[in-house]
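All remarks here apply to the structure that follows.
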Amino acid sequence: MVWRELASDHGTFSSAVLSALLALRGPEKHNMRRIVENDIAASRLPMWSRYGIALALQAVLVLLLIVTRHMIPLSDFPAPFAATLMATAYLLGEGPAVFSFLIGLIDFRFFFIQPYDEFTTPADIHGWTSVLAYLIINITVLFATSLLHRRNEKLLSLAKALQERAGLIDLSPDALFVQDADTGRIMFWSHGAERTYGYARLEALGRVAQELLHTQYPVSREHTLGELAVHYKWEGDLIHQRKDGSKIIAASRWAMQRDANRPVILEVARDVTHERRRQNEFAEEAAHSKRIAEVLQRSLLISPTMGRYPGLAVDAIYHGAEDDLLVGGDFFDIFPLSGPIVAFVVGDAAGKGLKAASVTAEVKFVLRGYLYECEAPSDSLRRLNEYLVNRQRMLDKDTPPTYVVVSVALLNVQSGSLRMSSAGSDLPCITGHPLNKTNMVAGGLPLGVAPHSDYEEKVVTMAQGEMLVMTTDGLTEARHPQRRGDFLGIEGVVKAVEEEMHRQVSVLETAKAVAERARRFAGGTLDDDVCLLLAKRVPAAKSSIACENVWTKPL
């Protein structure tokens, strides 16, 4: 009968342990987390307090059993001592439980086993059986409850760690939620998701994310899931609907995690509605400005119809930088002055887009006026510099200053006399036979930098068959990809022109070939706009003027 009772008690204890573990697996459902916290908090009492509580529990138990011994024979079997030991081990820890076990054994033997004054012979089967039952039951309870106590401590530590991580996740302003990859049902819903979409956590859990948010995909959900299945991640903009019916643009990032049970999708979404609206407005404004700038610069780069100049062949090419969607500030100009004199201008205004194009137009036509008036390149540059400096004083202080580098050449087609001057750029160069007749050095400060700047002027004679070369830094600063300090330079440009002249090709083909050489020298891409003007003295029967503008095929 003793063993039947022991087996019955052991079965009840196993069921209790299993129920406790199941409860700890779902702390929100069974509300066990608070119980575990209270239990472990009790086990953190001072050592002497826990042993004192264990002794007090044993004393109370013995007094209760003595008082009720004649009414309820609870002392015939050590079940009350086992229950007290279970409570002590679970709440106070292993040390007080062992102490309670020893005190309980003494109390059980002294107060409740007959005879009280002697227990010496094996013939007293009842006494031996009771003690043996006490030992077996209480040792089993002590061992099992201690394991449960340790298990609870580990589970509580894990729960606290997860709670801390969840708290960090909830600090994020972005919406974060987890959905089942197969059904799309929401398994986790952060505070950021509540703020972003307006749905409380209990409203969202278990709902299908696509139906709850009325998700609109860039292509389709199937395409998105297909890409996710291949790469285990996906990024893009989605259109979601909030609880109040308003729609937002969400910059969404998906990540898929697969395990042995079921795949889940972690989605992090950020409301970028206002950001995307501003980007679209900026893009539309930039596109509008770009169209205006292109039209303006096209008009600046197309020289007026001048017919054929006796003894002169001229070509100029312009290519926009490949990595820049805006229009640059490079420009050229060709126009006649008095008699047989033709003016050639090549320059570069700081900046990009509509601002640079407007400055280019202003500089181009103001310089034309000065050259028409005095026909002196150095004096015209000096007056243009004063104009730009004074112009800057009239502008708002927050407006960046306008700097322009420019070179000017005036050629007398009949005599070959060439007057040249430059501001911040390389001087125009003459090539042919013999080779260079000018010093390849930059002259003067850029226009608009400082008032009262002076600019030198050189006068040379250009013979038949020689070529005038004028270019911006888009060619001269072409950099070799392996030798980063190696630039093409004005010497390299002039050398390329001379070599192409030996092929007896047209001026236009020469200009294109030189630009292509610069592109290959730079490793296939030029980082800046390219403007190249070539003018060659030829017999009158072969003279021509042609200007090309290439916009769709950058170098």
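- In this model, no donor atom of one side chain and acceptor atom of the other lie less than 3.5 Å apart for Glu456 and Ser378.
- Ring to ring, Tyr372 and Phe335 are close: their centroids are under 6.0 angstrom apart.
- Within 6.0 Å of atom CZ in Arg479, more than 12 heavy atoms from other residues, nucleotides or ligands are found, so the atom counts as buried in its surroundings.
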Could you go through Glu466 and Thr431, starting from their C-alpha distance and side-chain angles, then the distance that decides it, and tell me whether this counts as side-chain hydrogen bond (donor to acceptor under 3.5 Å, both in side chains)? CA-CA 6 Å; Glu466 292 182 336; Thr431 63; over 6 Å; no
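- Using a 4.5 Å cut-off on side-chain heavy atoms (C-beta onward), Tyr199 and Phe177 make no contact.
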side-chain hydrogen bond (donor to acceptor under 3.5 Å, both in side chains) between Tyr387 and Glu362, intermediate numbers included: CA-CA 11 Å; Tyr387 171 82; Glu362 188 174 359; 2.4 Å; yes
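- Relative orientation of the Tyr197 and Trp189 rings is tilted, given thresholds of 30° and 60° on the angle between their planes.
- Between Thr196 and Ala175, the shortest heavy-atom distance links the atoms OG1-CB, 3.8 Å.
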Is there a side-chain hydrogen bond (donor to acceptor under 3.5 Å, both in side chains) between Glu267 and Ser252? Walk through the geometry before answering. CA-CA 7 Å; Glu267 181 172 351; Ser252 182; 2.9 Å; yes
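- Within a 6.0 Å sphere centred on CD of Gln279, heavy atoms belonging to other residues, nucleotides or ligands number more than 12.
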Could you walk me through whether His502 and Glu499 satisfy the side-chain hydrogen bond (donor to acceptor under 3.5 Å, both in side chains) test, starting with their C-alpha distance in whole Å, then the side-chain angles of each, then the deciding distance to 0.1 Å, before giving a yes or no? CA-CA 5 Å; His502 288 301; Glu499 292 177 355; over 6 Å; no
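- Residue His223 qualifies as open at atom NE2: its count of foreign heavy atoms under 6.0 Å is 12 or below.
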